[in-house]
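The structure appears below as structure tokens.
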Number of protein chains: 2
Amino acid sequence: MSLTFASASADKEVLENSGAFSPKFDANGLVTAVVTDSRDGELLMVAHMNAEALALTLETGIAHYYSRSRDKIWKKGETSGNLQTVKEFRTDCDQDAVWLKVSVAGHDATCHTGRRSCFYRIVEIENGQAVTKITDDTRHFDPAETYSKA
Amino acid sequence: MSLTFASASADKEVLENSGAFSPKFDANGLVTAVVTDSRDGELLMVAHMNAEALALTLETGIAHYYSRSRDKIWKKGETSGNLQTVKEFRTDCDQDAVWLKVSVAGHDATCHTGRRSCFYRIVEIENGQAVTKITDDTRHFDPAETYSKA
């Protein structure tokens, strides 16, 4: 990785205009990444990226994230084959979030449960309680089989 | 606010299935909120919600967030008039992120810069540097005028 990033400006005008991409990392050195399907805009997942993940993604065109649970760089789809090719890379006004429009290889599935999207449940209030309801239960791969090889 | 949430289960199977909405808050008591336009799916913004913001949003149907910079509940659009009516509320596999599909009132603008979306810039590599380029410069309101009333 050779790409480095300018420090986020304290001047809002600079941060919000065109010019250097200067991600505003949080206390853990991360920005939020929103990932949608470049085909139809469906929200696939939300993840986090550190400077190394941002650089690897921009340099290779393949999405890399930072796994907080495993505390390391995570090349999404390395085990399942569902690699993400980045078609467009965006950032928001204060540069603490990025938006990746991706094309998903392999099973065309992003969620580790085998579903296309991690957002397969709606939340509603029912009898005074917030409950989740599954709206997509189609599994594009068998997680037990796919991740047993990892 | 009367709605409360079950504690996030340590059992992944429980967390990933239908049943109680049990948001997995981070160390600061927040989950990530992704906000898209219910009309066409455009990504409008990314924000954060604490338990109170989640409850207010689910109970009133109007999006409330938690402002980290102001350290308080933020009823989005209260100043600008660009209130967000929630058409659908989703959560992801590990329940540390939510997805709100909203209808935006007022100027049909979400970004404090007056643009429709906060993600008005692409990021590209140019001469070995990561740079941002503005792709939408249409201002639906004048921030200086709108926020001077605040």
Side-chain angles (χ1 to χ4, degrees), chain A residues 2-6 12 16-23 26-28 32-34 36 40-43 45-48 54-55 58-59 68-69 88-99 101 111-113 115 117-125 128-135 137, chain B residues 2-6 12 16-23 26-28 32-34 36 40-43 45-48 54-55 58-59 68-69 88-99 101 111-113 115 117-125 128-135 137:
Chain A
S2 59
L3 199 66
T4 55
F5 304 103
K12 274 186 69 170
E16 294 171 359
N17 273 299
S18 57
F21 174 47
S22 54
D26 69 9
N28 299 310
T32 303
V34 175
T36 63
D40 62 0
E42 182 75 6
L43 177 61
M45 61 181 277
V46 170
H48 295 82
L54 286 169
L58 283 164
E59 287 176 339
R68 294 176 299 173
S69 56
E88 193 176 273
F89 192 111
R90 289 186 169 266
T91 191
D92 70 344
C93 44
D94 58 359
Q95 302 198 38
D96 66 353
V98 296
W99 173 14
K101 300 183 185 179
C111 187
H112 74 284
T113 63
R115 296 177 178 92
S117 164
C118 295
F119 290 84
Y120 54 85
R121 289 175 295 183
I122 55 169
V123 178
E124 289 178 343
I125 298 184
Q129 298 292 321
V131 295
T132 66
K133 292 182 181 177
I134 293 173
T135 57
D137 213 13
Chain B
S2 59
L3 199 65
T4 55
F5 304 102
K12 274 186 70 172
E16 294 171 0
N17 273 300
S18 56
F21 175 47
S22 54
D26 68 10
N28 298 310
T32 304
V34 175
T36 63
D40 62 1
E42 182 75 5
L43 177 62
M45 61 182 277
V46 170
H48 294 83
L54 286 169
L58 284 164
E59 287 176 341
R68 295 177 299 174
S69 55
E88 192 176 273
F89 192 111
R90 289 186 169 266
T91 192
D92 70 343
C93 43
D94 58 359
Q95 302 199 37
D96 66 353
V98 297
W99 173 14
K101 299 183 186 179
C111 187
H112 74 284
T113 63
R115 296 177 179 92
S117 164
C118 295
F119 290 84
Y120 54 84
R121 289 175 295 184
I122 55 169
V123 178
E124 289 178 342
I125 298 184
Q129 298 292 320
V131 295
T132 65
K133 292 181 181 178
I134 294 173
T135 57
D137 212 13

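Convention: sequence-line order gives letters A, B, ...; per-chain numbering from 1.
When each of G19(B), A20(B), G41(B), A97(B) is checked for heavy-atom pairs under 4.5 Å with chain A, G19(B) comes out on top. Of the listed residues (E88(A), R68(A), Q95(A)), the one with the most heavy-atom contacts under 4.5 Å to chain B is Q95(A). Your options are D40(B), L58(B), D94(B), and the one with the most heavy-atom pairs under 4.5 Å with chain A is L58(B). Ranking T36(A), V131(A), L54(A), V98(A) against chain B, the residue ahead of the rest is V131(A), based on heavy-atom pairs under 4.5 Å.
Under the 3.5 Å distance criterion, the side-chain polar atoms of Y120(A) are left unmatched by any main-chain donor or acceptor of T91(B). S18(B) places no side-chain N or O within donor-acceptor distance of the main-chain N or O of T132(A), the cut-off being under 3.5 Å. Remark: the backbone N or O of R90(A) is not paired with any side-chain donor or acceptor of R121(B) at under 3.5 angstrom.
Residue contact with chain B, scored on non-hydrogen atoms closer than 4.5 Å, involves the side chain of T135(A) exclusively. Only the side chain of I125(B) comes within contact range of chain A, with at least one heavy atom under 4.5 Å from a heavy atom of that chain. For D96(A), the part sitting under 4.5 Å from any heavy atom of chain B is the side chain, from C-beta outward, and nothing else. Of the atoms belonging to F89(B), heavy atoms from both backbone and side chain fall under 4.5 Å from chain A.
Residues K12(A) and H112(B) form a side-chain contact, since some pair of their non-hydrogen atoms from C-beta on lies under 4.5 Å apart.
Partner of W99(A) under the side-chain contact (heavy atoms from CB on, under 4.5 Å) criterion, chosen from V46(B), V123(B), L43(B): L43(B).
When all heavy atoms of E16(A) and T113(B) are compared, the pair lying nearest together is OE1-CG2, 3.7 Å.
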Apply side-chain contact (heavy atoms from CB on, under 4.5 Å) to the pair D92(B) and M45(A), showing each step before the final yes or no. CA-CA 8 Å; D92(B) 70 343; M45(A) 61 181 277; over 6 Å; no
